[in-house]
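Following: one structure in structure tokens, then a few remarks.
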Amino acid sequence: MEQPRWDVPVVDRTEFQPALDIPPPGPQNRLTVLLRLLLLVPQYVVLWLLSIVAFVVVVIGWFGALFAGRLPRFAVGWLSGYLAYDTRVYASLLLVTDRYPPFRFDAADHPVRIELRAGGPLNRLAVFFRLLLAIPAAIVQGLLQTGWWAVSFISWLVVLVLGRMPQALFEATAAVLRYRMRFQAYLMMLTAAYPKAVFGDPADSEPVRSATRPLVLTGAAKALLVIYLVLGVIGSAASSVTTDWDSYENGDTVSTMAPLGR
């Protein structure tokens, strides 16, 4: 009878979700909070230009992943850097950090970081249908962002007055930012893991590495996320109704009734 081998390494089959590390909420400069949107204008311009390049790299990478079963190395490096930079900019925009993002991909000294573990094997069928598979996650991500922006003025005012972001608001905002990052990572084929854990992680899911890893949400933070989702649904419905009404007023509707006479 064959004896068991104790020297066989243990294989971790737990699916790794792209991780986001952010320090706990601390004091913020009220002047930079007041002018945050204006201060980030140069970042928006750079991100827009980089997004054009990212689209081209994703298209090339899609063909590479479809045939090779993994994202080409050059695409892994470039898209990983782009996603890290994009996440730092949005972290500043969403007020979870007061640190201005540097104009570079590699920023090891910045407090907002991501971990991807990109470049692994990809299911070719999932790559082929990536856009179709990403639709449910895109809807969730869109609702979260729409809901957050619906109350963004209140959030901005709270941070401006207090000089810091309250814990519950920080957790909910970090959850929105993390899901956005995970969705983009999946869409760009930097991970095979479908975006999950909108409402945070169990407390014992992994060793504590930062304020958002694991991202354990309080009841108040989860309630805020529910509010974001509800406001997102309302905002999307209102936008759809407004679009339909504008089309009707502009005469874009086509009558399906046959003429009664000639």
Side-chain angles (χ1 to χ4, degrees), residues 16-29 32-33 36-37 40 43 47 83-101 107 109-117 137-138 140-160 162-186 190-191 193-232:
F16 176 79
Q17 288 277 335
L20 174 66
D21 287 302
I22 306 177
Q28 297 200 33
N29 186 309
T32 62
V33 172
R36 187 64 54 93
L37 289 176
L40 289 175
Q43 300 283 358
L47 266 181
L83 182 57
Y85 174 59
D86 174 88
T87 302
R88 290 192 295 268
V89 172
Y90 271 83
S92 179
L93 178 64
L94 301 185
L95 302 175
V96 295
T97 180
D98 198 37
R99 182 88 169 269
Y100 195 79
D109 59 334
H110 196 274
V112 178
R113 302 180 218 176
I114 65 173
E115 183 181 348
L116 295 172
R117 301 183 189 177
V140 173
Q141 189 257 348
L143 294 178
L144 286 172
Q145 284 203 155
T146 300
W148 191 93
W149 281 106
V151 296
S152 60
F153 178 76
I154 299 175
S155 301
W156 171 79
L157 197 59
V158 169
V159 177
L160 183 64
L162 298 179
R164 65 187 303 126
M165 180 172 276
Q167 183 64 30
L169 180 58
F170 169 81
E171 293 172 2
T173 305
V176 173
L177 180 63
R178 188 178 73 166
Y179 194 84
R180 177 183 183 276
M181 181 270 293
R182 287 180 172 178
F183 168 72
Q184 286 188 301
Y186 180 77
L190 290 169
T191 178
Y194 203 79
K196 296 176 183 176
V198 176
F199 290 94
D201 309 315
D204 58 350
S205 58
E206 64 175 311
V208 177
R209 304 187 186 187
S210 67
T212 56
R213 193 171 179 188
L215 182 58
V216 181
L217 303 186
T218 59
K222 292 179 180 179
L224 279 174
L225 284 176
V226 172
I227 291 173
Y228 295 160
L229 290 170
V230 171
L231 290 176

**OP:** Go through the steps to decide whether Asp21 and Arg178 satisfy the test salt bridge (Lys or Arg N to Asp or Glu O under 4.0 Å), and finish with yes or no.
**Re:** CA-CA 9 Å; Asp21 287 302; Arg178 188 178 73 166; over 6 Å; no

**OP:** Report the C-alpha separation of Arg117 and Glu115 in whole Å, then their side-chain angles, then the decisive distance to 0.1 Å, and conclude whether the salt bridge (Lys or Arg N to Asp or Glu O under 4.0 Å) test is met.
**Re:** CA-CA 6 Å; Arg117 301 183 189 177; Glu115 183 181 348; 2.9 Å; yes

**OP:** Output, in order, the C-alpha distance, side-chain angles, deciding distance and verdict of side-chain contact (heavy atoms from CB on, under 4.5 Å) for Val176 and Leu225.
**Re:** CA-CA 8 Å; Val176 173; Leu225 284 176; 3.9 Å; yes

Original post:
Passes side-chain contact (heavy atoms from CB on, under 4.5 Å), Arg36 versus Asp98? Steps please.
Top reply: CA-CA 9 Å; Arg36 187 64 54 93; Asp98 198 37; 2.8 Å; yes

**OP:** Could you walk me through whether Leu143 and Tyr228 pass side-chain contact (heavy atoms from CB on, under 4.5 Å), step by step?
**Re:** CA-CA 7 Å; Leu143 294 178; Tyr228 295 160; over 6 Å; no

**OP:** Apply side-chain contact (heavy atoms from CB on, under 4.5 Å) to Leu37 and Leu93, showing your working.
**Re:** CA-CA 7 Å; Leu37 289 176; Leu93 178 64; 3.4 Å; yes

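Between Pro101 and Leu40 the shortest side-chain heavy-atom distance falls below 4.5 Å. Proximity of Arg99 to Asp109: side-chain heavy atoms (C-beta onward) are separated by under 4.5 Å at one or more points. No side-chain heavy atom of Thr191 sits under 4.5 Å from any side-chain heavy atom of Phe16. Looking at Met181 and Tyr90, their side chains never come closer than 4.5 Å, going by heavy atoms from C-beta outward. Residues Pro166 and Val158 have side chains in contact (heavy-atom distance under 4.5 Å, counting atoms from C-beta outward). Within the 4.5 Å cutoff, side-chain heavy atoms of Gln43 are placed close to those of Tyr100. For the pair Asp86/Arg180, a side-chain contact is recorded, criterion being any heavy-atom separation below 4.5 Å from C-beta on.
Distance alone, capped at 3.5 Å, places no donor-acceptor pair between the Gln28 side chain and the Val159 backbone. A side-chain donor-acceptor contact under 3.5 Å links Thr212 to the backbone of Leu20. At least one donor-acceptor pair under 3.5 Å links the side chain of Gln17 to the backbone N or O of Tyr194. When atom types are taken as modelled, the side chain of Ser155 and the backbone of Val151 share a donor-acceptor pair closer than 3.5 angstrom. Judged by distance alone, with hydrogens and angles left aside, the side-chain atoms of Ser152 form a donor-acceptor pair with the main-chain N or O of Trp149 at under 3.5 Å.
The structure places CG of Leu47 at 10.0 Å from CZ of Arg88, a figure rounded to the nearest 0.5 Å. Atom CG of residue Leu83 and atom CD1 of residue Ile114 lie 4.0 Å apart, to the nearest 0.5 angstrom. In this structure, the separation between CG on Leu215 and OH on Tyr179 is 14.0 Å, given to the nearest 0.5 Å. Put simply, OG1 on Thr173 and CD1 on Ile22 are 9.0 Å apart, with the number rounded to the nearest 0.5 Å. Note that CG of Asn29 and CG of Leu160 are 10.5 Å apart. Values are rounded to the nearest 0.5 Å. Atom CD of residue Gln141 and atom OH of residue Tyr186 lie 14.5 Å apart, to the nearest 0.5 angstrom.
For Val140 against Leu229, the heavy-atom pair with the smallest separation is O-CD2, 4.4 Å. Heavy-atom minimum distance, Phe183 versus Ala137: CD1-CB, 3.8 Å. Annotation for Ala203 and Val216: closest pair CA-CG2, 3.6 Å, computed over non-hydrogen atoms. In plain terms, the two heavy atoms of Gly200 and Leu217 that are nearest each other are N-CD1, 3.8 Å. Nearest heavy-atom pair across Ser205 and Pro214 is OG-CB, 3.3 Å. Gly26 approaches Arg164 most closely through the heavy-atom pair O-CB, 3.5 Å.
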